[in-house]
Student: 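I'd like to ask you about the structure that follows.
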Amino acid sequence: MPRWDWGPAGPPSGRPEVSAGAADDEPEQAAAPAPGPGEPVSFAAHVKPLFRGRDRQSMTFAFDLWSYEDVRAHAADILERLAGGSMPCDGAWPTDKVDLFQRWAGSGMQP
Ligand code: HEM
């Protein structure tokens, strides 16, 4: 997976302005059931719903977590942060969610 070129300044490090609200903890739409072995993983049905409104709002200073193009472009860095547990910064994802993102990233990043 190609690495995103963050430019001379490197990845963002400033703390974003985030307003807390109940809707922020919800994804835009409910996730489809996890695809079975050998079934395709799609961004729209399976990956986008993994990102809460709060996640999207927190990261708009770097990219849009509800945008297929943005997540595809940053997939390697996002996976590294998810697998390492450093993001989301308010609590690491459970293994099955990280595995689903990794499956999507490793199977051609279907839209
Ligand atoms: C390339 C990958 C990423 C980078 C470089 C990155 C970087 C950052 C930085 C610099 C901050 C602000 C300061 C801090 O708390 O460290 C932050 C905050 C945050 N990020 Fe990320 N992040 C990445 C991916 C993600 C992903 C994939 C999610 C969600 C699944 C996420 C969710 C959040 C949240 C919820 C906050 C906290 C906002 C707050 O409450 O202050 N980030 N991120």
Side-chain angles (χ1 to χ4, degrees):
M1 271 182 287
R3 284 276 170 194
W4 180 261
D5 178 6
W6 293 98
S13 60
R15 177 169 286 284
E17 292 307 314
V18 179
S19 59
D24 292 336
D25 279 337
E26 298 305 317
E28 189 182 29
Q29 78 219 34
E39 287 181 6
V41 184
S42 102
F43 178 80
H46 305 112
V47 174
K48 181 179 174 183
L50 298 175
F51 300 121
R52 307 163 297 174
R54 172 193 297 277
D55 299 320
R56 186 200 192 193
Q57 225 182 341
S58 301
M59 293 310 303
T60 48
F61 70 102
F63 41 71
D64 181 356
L65 285 170
W66 286 354
S67 152
Y68 168 64
E69 287 77 20
D70 279 14
V71 174
R72 187 179 59 177
H74 294 269
D77 292 322
I78 289 172
L79 180 56
E80 186 179 303
R81 293 287 189 131
L82 293 171
S86 64
M87 287 294 146
C89 57
D90 59 345
W93 277 7
T95 310
D96 61 333
K97 283 177 75 172
V98 178
D99 290 348
L100 187 55
F101 186 88
Q102 182 157 32
R103 240 179 93 189
W104 173 75
S107 60
M109 295 188 269
Q110 304 300 318

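Both counts, for ligands and for their atoms, begin at 1 and track the order of listing. In what follows, every heavy atom counts, from backbone to side chain, and hydrogens, waters and symmetry copies are set aside.
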Student: Would you mind listing which atoms of ligand 1 come within a distance below 4.0 Å of any non-hydrogen atom of Phe51?
Tutor: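 Close to Phe51: 30 (C).
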Student: Which is closest to atom 11 (C) of ligand 1 in terms of heavy atoms, Trp93, Phe63, Phe61?
Tutor: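 Among Trp93, Phe63, Phe61, the closest heavy atom to atom 11 (C) of ligand 1 comes from Phe61.
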Student: Is it the side chain, the backbone, both or neither of Arg52 that has a heavy atom closer than 4.0 Å to ligand 1?
Tutor: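 For Arg52, the contact with ligand 1 is made by the side chain alone.
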Student: What are the two closest heavy atoms between Pro35 and Pro40, and how far apart are they?
Tutor: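 So the two residues come closest at CB-O, 3.6 Å.
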Student: Check the angle between the aromatic planes of Trp93 and Phe51 and answer parallel, tilted or perpendicular using the 30° and 60° thresholds.
Tutor: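 Trp93 and Phe51: tilted rings.
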Student: N/O/S of Ser58 less than 2.8 Å from atom 21 (Fe) of ligand 1?
Tutor: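 It does not: Ser58 brings no N, O or S atom closer than 2.8 Å to atom 21 (Fe) of ligand 1.
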Student: To check your reading of the site, what angle at atom 21 (Fe) of ligand 1 do SD of Met87 and SD of Met59 form, to 10°?
Tutor: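 Result: 170°, to 10°.
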Student: Taking all non-hydrogen atoms of both residues into account, name the closest pair between Val41 and Gln110 and its distance.
Tutor: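 For Val41 and Gln110, the tightest heavy-atom pair comes out as O-CB, 3.4 Å.
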Student: Side-chain contact, heavy-atom cut-off 4.5 Å: Leu65 with Ile78?
Tutor: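 With C-beta onward as the side chain, the pair touches.
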Student: Among Asp77, Leu65, Leu79, which one has a heavy atom closest to atom 28 (C) of ligand 1?
Tutor: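 Heavy atom nearest to atom 28 (C) of ligand 1 belongs to Leu65.
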Student: Hey, do the aromatic rings of Trp104 and Phe43 have their centres closer than 6.0 Å?
Tutor: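 Between Phe43 and Trp104, which both carry aromatic rings, the centre distance is below 6.0 Å.
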Student: Under a 4.5 Å cut-off applied to non-hydrogen side-chain atoms, are Arg56 and Asp64 in contact?
Tutor: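 Yes. Closest side-chain heavy atoms under 4.5 Å.
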Student: Side chain or backbone of Phe101 under 4.0 Å from ligand 1, or both, or neither, by non-hydrogen atoms?
Tutor: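 Neither part.
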